[in-house]
Amino acid sequence: MTKSSTYDLEEVNGIGPKTAQLLQSKGIISARHLALFTPEELIEITDMTPDRAEKILRNARELVFGSRRAVKGSEMTKIYQELPRLTTGVKSVDKLLGGGLEPKATYEFAGEFGTGKTQLCHQLAVTVQLPRDKGGVGGACAYIDTEEAFSPNRVESIAKRFGIDPQQALDNVYVIKVINAADLEDRVKFDLVRLVEQNNVKLVVIDSIIALYRAEFRGRERLAERQQRLNYILDWLMRIAKIYNIYVVLTNQVIDVPLGYIEVKKPAGGNVLAHAVTHRFFLKKSRDDVRVMEVLDSPRLPHKATATFRITDRGVEDA
Ligand code: GTP
Ligand code: MG
């Protein structure tokens, strides 16, 4: 991020040195960062009056996004086409995704254990570092590891395959460990934004989004609360994706749903995840090291279209 695209807090109308200092002490680093917050959130962390919180947030949004924001439908096609696609490094998967991952969107990869979710995340942590002409965006990755599944060795082998210095590849992956749902919220709202603004992070991986929530909010009686908290974190990820133009990838576990005499596997997280995520995919085992990826739900990709890939010592590859 260049300085001019993030703006200093004091450039916001109504924010003087004292308020800027207060906001900084709470972890808000720029006017763009501030513009992500809702009045309620700002009041909660600063004890500001509601009037004042609303006023400075409105001014922050106006500074960062301008006051006229309508775009003609005819211009949207061009805007979508010009968004840089991020390669997965697997041709068939890129094709399924319509040319790679798009920024400003969230991707969910759900599947049983061993279907390649974590492998795919490791590969993206490397491909995001590739230059534009090789399908990357020359960026770094923030890897939120909730399952203790991050493997530096795997990043190294994948980096070698793509011609990136393994040490350099690892230096461009910021691994974030989280303890519980509240900690995840703080890491996303503050640490992640700092990494995006100051360390060129372009891709956020959460492997997995659901593990913490399943462990923390157990039982039927806490389901509503779990879904609310899940919705909250997904909303924050979407705000960051849109405002900073970054790629968001989430992995998800599956649940068994009885259907007559048989059980079918569905992604965990229920309706909340289904509504909040932009593009959803289901990963299945085929044979040996071969996996199938299927479009589960997407506003722009064909329902049930599939791609196959293989998990090898070099990462994930075309089958
Ligand atoms: P869960 O996190 O358990 O839900 O599974 P996942 O979908 O994240 O599975 P993951 O991506 O970890 O894929 C595991 C599969 O990748 C297993 O079949 C492993 O054998 C394979 N795998 C992992 N590392 C390597 C490797 O270095 N070489 C090869 N050839 N295969 C590997
Ligand atoms: Mg995994």
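Indexing begins at 1, ligand by ligand and atom by atom, following the structure's order.
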*Kindly assign one of parallel, tilted or perpendicular to the pair Phe217 and Tyr213, based on the angle between their ring planes and the thresholds 30° and 60°.*
parallel
*Proximal atoms of ligand 1 relative to Thr312 (non-hydrogen, under 4.0 Å)*: 28 (N), 29 (C), 30 (N)
_Nearest non-hydrogen partners of Ile164 and Val126, listed with the distance_ = CD1-O, 3.8 Å
*asked:* Can you confirm whether the side chains of Glu197 and Ser30 place a donor and an acceptor under 3.5 Å from each other?
replied: yes
*Around atom 21 (C) of ligand 1, find the nearest protein heavy atom and jot down its residue, atom name and distance.*
Ile311 CG2, 3.6 Å
*Just do the side chain to side chain contact (heavy atoms under 4.5 Å, CB included) check on Ile28 and Phe37 with the steps written out, would you?*
CA-CA 10 Å; Ile28 298 177; Phe37 285 78; 4.0 Å; yes
*Lys134 and Phe162: side chain to side chain contact (heavy atoms under 4.5 Å, CB included), yes or no, with the steps?*
CA-CA 9 Å; Lys134 289 197 172 141; Phe162 288 98; over 6 Å; no
*Does atom CZ of Arg58 have more than 12 heavy-atom neighbours from other groups under 6.0 Å away?*
no
*Got a protein heavy atom sitting under 4.0 Å from atom 23 (C) of ligand 1?*
yes
_Ring of Tyr244, cation from Lys202 - is the NZ or CZ under 6.0 Å from the centre and inside 45° of the axis?_
no
*Taking every non-hydrogen atom, the tightest pair across Ala268 and Ile210*: CB-CG1, 4.0 Å
*Can you pull out the closest protein heavy atom to atom 13 (O) of ligand 1? Residue, atom name and distance to 0.1 Å, please.*
Gln119 CG, 3.5 Å
*What about Gly116: any of its N or O atoms under 3.5 Å from an N or O on ligand 1?*
yes
*asked:* When you measure from the heavy atoms of Ala149 to every atom of ligand 1, does any distance fall below 4.0 Å?
replied: no
*asked:* Within the 4.0 Å heavy-atom shell around Glu112, which atoms of ligand 1 are there?
replied: 7 (O)
*Which of the numbered atoms in ligand 1 are below 4.0 angstrom from a heavy atom of Glu147?*
2 (O)
*Distance from atom 8 (O) of ligand 1 to nearest protein heavy atom, with residue and atom*: Thr118 OG1, 2.7 Å
_Contact between ligand 1 and Arg291 is defined here as a heavy atom of the residue under 4.0 Å from a ligand atom; is it met?_
yes
*Is Arg154 near ligand 1, meaning one of its heavy atoms is under 4.0 Å from it?*
yes
*If you leave out waters, which protein N, O or S atoms are less than 2.8 Å from the Mg ion (ligand 2)?*
Thr118 OG1
*Which of the atoms in ligand 1, numbered in the order shown and given with their element, are less than 4.0 Å from a heavy-atom of Phe113?*
1 (P), 3 (O), 4 (O), 5 (O)
*Closest non-hydrogen atom pair, Ile311 against Arg291*: CD1-NE, 3.7 Å
*Using the test ring-ring contact (aromatic ring centres under 6.0 Å, His included), find all partners of Tyr107 that sit at least two apart in sequence or belong to another chain.*
His279
*asked:* I'd like to know if the side chain of Asn271 and the backbone of Gln227 have a donor-acceptor N/O pair within less than 3.5 Å.
replied: no
*For atom 30 (N) of ligand 1, what's the nearest protein heavy atom and its distance?*
Asp313 OD1, 3.0 Å
*State which residues pass ring-ring contact (aromatic ring centres under 6.0 Å, His included) with Phe281; sequence neighbours excluded, sorted by chain then number.*
Phe109
*Residues sharing Ile79's hydrophobic cluster, by side-chain heavy-atom contacts under 4.5 Å among ILVMFWY, directly or via others?*
Val71, Met76, Tyr80, Leu83
*What protein heavy atom sits nearest atom 5 (O) of ligand 1, and how far off is it?*
Gly114 N, 2.8 Å
*Nearest protein heavy-atom contact for atom 7 (O) of ligand 1: which residue, which atom, what distance?*
Lys117 NZ, 2.8 Å
